[in-house]
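Notes for the one structure printed next.
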Number of protein chains: 2
Amino acid sequence: MAPTDKKDQKVSLHTVERLSVYRRKLEELSADEVEYIHSHQLAALVGVTPAQLRRDLASFGSYGNIARGYGVKQMSRTISQIIGTDSMQNVGLVGVGDLGRALLSYRGFEERGFHIAAAFDVDPDKVGRVFAGRRCYSLDKLETALVDLQIRILVLAARPEGLQEIVDRGVAAGIRSFLNFVPKTLTVPEGCFVEHIDISAKLEKLSFLSRQQNDRTEVAE
Amino acid sequence: MAPTDKKDQKVSLHTVERLSVYRRKLEELSADEVEYIHSHQLAALVGVTPAQLRRDLASFGSYGNIARGYGVKQMSRTISQIIGTDSMQNVGLVGVGDLGRALLSYRGFEERGFHIAAAFDVDPDKVGRVFAGRRCYSLDKLETALVDLQIRILVLAARPEGLQEIVDRGVAAGIRSFLNFVPKTLTVPEGCFVEHIDISAKLEKLSFLSRQQNDRTEVAE
DNA sequence: TGAGTGCTGTGATTAAATTCACTGTGTAAG
DNA sequence: CTTACACAGTGAATTTAATCACAGCACTCA
Ligand SMILES: NC(=O)c1ccc[n+]([C@@H]2O[C@H](COP(=O)([O-])OP(=O)(O)OC[C@H]3O[C@@H](n4cnc5c(N)ncnc54)[C@H](O)[C@@H]3O)[C@@H](O)[C@H]2O)c1
Ligand SMILES: NC(=O)c1ccc[n+]([C@@H]2O[C@H](COP(=O)([O-])OP(=O)(O)OC[C@H]3O[C@@H](n4cnc5c(N)ncnc54)[C@H](O)[C@@H]3O)[C@@H](O)[C@H]2O)c1
């Protein structure tokens, strides 16, 4: 019997990134009581070509009704299943500084299926205190808390010093995914993933784009 | 005659994103007093192939010394010029909430050439107060402050409601680049750029990756 | 009921990004 | 001086991503 679903699942990472976008829009549509939507409509809403949207959906076995389009609720649910957010999952946070506290108080993660279940810090002033309803643990408790709370993803918002060591401990405790806000390159073994959010790099990209634009117009005129 | 520099500058966005990574590592190396580095060394440090690194550097006219490699300081400077961060540039911040305050208090932006010169909020309790050394303005002052302070980039960390209107006003005031933390699709005219940072989407990507991994091992065993 | 419409799913094609692989060159060692 | 070596730069090949374009179907309406 088939261990995998109906279709062979070769879903590229580019597609997965877009699936997140689609799903966010589908949630909005669902809230607006839209039941069905056509590929060209959704594509226009999220800024991709209709062909690409259909291709993305076809990469797992999606079945859109030809006349009415795709079922909004069903597609949203299917994407959640692909991504793995059909049930809430716990994540851990390392570093309860300015950024860490902002993340803790943010409601948006829950809406998307992620619950920050535990926070860790080295600062004795912070350990034991409660931030946005969650207690801050000492780093000593890292391994036990990760296991007890079944945490699968670790968000890194601490100082760069000693961060690699924390990652290594996380890996040893079974964590395979890290979301890293710290501008520092981390190394993880095969089969583990570090997703880096570099805000400065995004600013640099914007800086390049508008400068590019400038150069073009200067040349053009 | 040549309207552009020595080389034809067709620098792709993928390349630009990597240039940011290279430059960050080059700064570290420079601090460690490394003067020259070979493509395969830097490539290994940042996790790309040597060929890709050389290709990226070649996309603008880079001249590495064959025997010693690339000059660390010079390459870093050149990348800054490409990106446009060779001189400090002002950015504005809309929304001084939890996230906005974290951004305001973050020192890392200055190190990479960006200065948050002004913050704006609608909350009367916040307007007029000073956060991390910068005064919070009323939104009424948006246009004048953007122009007076020569702000080129606007960072969006407000509530979704009314955000499009603020973007429109920014565009009208000459802003072409927006860094958007708000989970809401924005529309801008041709020639303007919105860079979206969706933390939940990054978590979803990680969720997918580790689930993918799970599926694989299940099938394999 | 049958022609017309407009959609999905997908093979074929094009475009883009990455990697391969080699050429020419500077360096150092003998 | 000569030889051996290692690397930068780059055309060519390969891989990957995006787009085109059309077959076939479900629905509408005369
Ligand atoms: N604040 C921002 O807007 C922002 C933006 C981009 C990146 N970052 C990065 O995120 C990280 C945190 O930023 P921040 O502004 O919150 O800094 P912060 O100084 O306000 O907070 C850092 C927190 O991490 C804790 N910490 C330090 N070392 C630790 C360790 N080894 N283990 C656990 N906790 C540790 C500290 O006690 C402190 O509470 C930094 O590395 C920063 O570079 C921050
Ligand atoms: N906090 C996080 O970790 C996080 C993560 C991802 C995305 N975001 C997004 O960033 C935005 C801000 O998050 P936050 O946690 O700081 O929220 P917050 O509620 O703490 O702060 C929002 C701030 O924006 C101000 N504001 C509201 N409407 C405004 C407007 N039209 N113009 C100017 N200012 C306005 C409010 O007065 C408030 O000060 C939200 O849209 C949120 O979805 C936050």
Side-chain angles (χ1 to χ4, degrees), chain A residues 5-22 26 29 34-76 78-79 82 205 208-209 212, chain B residues 5-22 26 29 34-76 78-79 82 205 208-209 212:
Chain A
D5 282 352
K6 44 196 96 169
K7 283 263 177 177
D8 53 342
Q9 76 288 42
K10 183 59 206 156
V11 186
S12 89
L13 275 188
H14 284 237
T15 295
V16 172
E17 286 171 8
R18 284 189 295 265
L19 287 184
S20 288
V21 180
Y22 302 156
L26 287 168
L29 290 167
V34 179
E35 289 190 18
Y36 289 90
I37 192 163
H38 288 294
S39 66
H40 65 271
Q41 299 172 312
L42 182 54
L45 286 172
V46 300
V48 300
T49 63
Q52 180 159 67
L53 173 52
R54 290 201 303 275
R55 184 67 77 190
D56 283 340
L57 298 183
S59 68
F60 51 96
S62 121
Y63 288 113
N65 184 305
I66 291 184
R68 281 175 291 177
Y70 300 89
V72 170
K73 275 210 155 68
Q74 191 211 314
M75 199 205 293
S76 178
T78 307
I79 293 178
I82 307 253
K205 190 173 165 189
F208 170 82
L209 281 168
Q212 180 99 328
Chain B
D5 284 352
K6 48 194 92 166
K7 284 264 174 176
D8 52 346
Q9 78 284 43
K10 181 61 206 153
V11 186
S12 88
L13 274 189
H14 286 236
T15 296
V16 172
E17 286 171 8
R18 285 190 294 267
L19 287 184
S20 289
V21 180
Y22 303 156
L26 288 167
L29 290 167
V34 178
E35 289 190 17
Y36 289 91
I37 192 163
H38 289 294
S39 65
H40 65 272
Q41 299 173 310
L42 182 54
L45 286 172
V46 300
V48 300
T49 63
Q52 180 160 69
L53 174 51
R54 291 202 301 276
R55 182 76 64 198
D56 284 339
L57 298 182
S59 68
F60 51 97
S62 123
Y63 288 113
N65 183 305
I66 290 183
R68 282 175 289 179
Y70 300 90
V72 169
K73 275 211 154 69
Q74 190 211 313
M75 200 205 293
S76 178
T78 307
I79 292 177
I82 307 253
K205 190 173 165 190
F208 170 82
L209 281 168
Q212 179 100 328

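Below, chains carry the letters A, B, ... as their sequence lines are ordered, and counting in each starts from 1.
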Problem set entry | Nearest listed nucleotide, side chain of B:A58, among C:dG9, D:dT10, D:dA17 | D:dT10
For this session: Would you mind telling me which residue lines up with the more 5' stretch of DNA chain D, B:R55 or B:I37, judged by nearest nucleotide?
Result: B:I37
Seminar exercise, completed: Between B:H38 and B:A67 the two heavy atoms that sit nearest each other are CE1-O, 3.0 Å
For this session: Would you tell me if any nitrogen or oxygen in the side chain of B:R18 comes within less than 4.0 Å of OP1 or OP2 on C:dT18?
Result: yes
Exercise. If only side-chain N and O atoms of B:Y70 are considered, is one of them under 4.0 Å from the OP1 or OP2 phosphate oxygen of D:dG9?
Worked result: yes
Seminar exercise, completed: When every non-hydrogen atom of B:L26 is compared with those of B:S76, the smallest separation belongs to CD1-N, 3.9 Å
Exercise. Checking all strands, does B:R68 fall into the base, sugar-phosphate, or nothing category for heavy-atom contacts under 4.0 angstrom?
Worked result: nothing
Problem set entry | Whole angstrom value for the distance that separates C1' of D:dC25 from OH of A:Y63 | 14 Å
For this session: Look at A:H14 and D:dT16 and indicate whether a side-chain polar atom (N or O) is within less than 4.0 Å of OP1 or OP2.
Result: no
Seminar exercise, completed: The nucleotide from C:dC7, D:dC7, C:dA17 with an atom nearest the side chain of A:H38 is C:dC7
Exercise. Roughly how many Å is it from CD in B:Q52 to C1' in D:dC7, rounded to a whole number?
Worked result: 18 Å
Exercise. Rounding to a whole Å, what distance do you find between A:Y36:OH and D:dC27:C1'?
Worked result: 14 Å
Problem set entry | Value in whole Å for how far the P atom of C:dT8 lies from CG of A:L57 | 9 Å
For this session: Can you figure out which of C:dG26, D:dG11, D:dC20 approaches the side chain of B:A67 most closely?
Result: C:dG26
Exercise. Of all the choices, D:dT10, C:dT10, C:dA17, which nucleotide is nearest to the side chain of B:R54 once you look at every atom?
Worked result: D:dT10
Problem set entry | Rounded distance in Å - CD (A:E17) to P (D:dA18) | 10 Å
Exercise. Which heavy-atom pair separates B:I37 from B:L29 by the least distance, and what is that distance?
Worked result: CD1-CD1, 3.5 Å
For this session: Using the side-chain hydrogen bond (donor to acceptor under 3.5 Å, both in side chains) rule, take B:Y36 and B:N65 through it: C-alpha gap first, then chi angles, then the decisive distance, then the call.
Result: CA-CA 9 Å; B:Y36 289 91; B:N65 183 305; 6.0 Å; no
For this session: Provide, to the nearest angstrom, the distance between the CD1 atom belonging to B:I66 and the P atom belonging to C:dT27.
Result: 9 Å
Exercise. Can you name the nearest heavy-atom pair linking A:V16 to B:K205, along with the distance?
Worked result: CG1-CA, 4.4 Å
Problem set entry | Whole-Å gap separating P (C:dT8) and NE2 (A:H40) | 7 Å
Exercise. Can you tell me how far C1' of D:dA18 sits from NZ of A:K10, to the nearest Å?
Worked result: 17 Å
Problem set entry | Candidates C:dT8, D:dC27, D:dG11 - which lies nearest the side chain of A:N65 | D:dC27
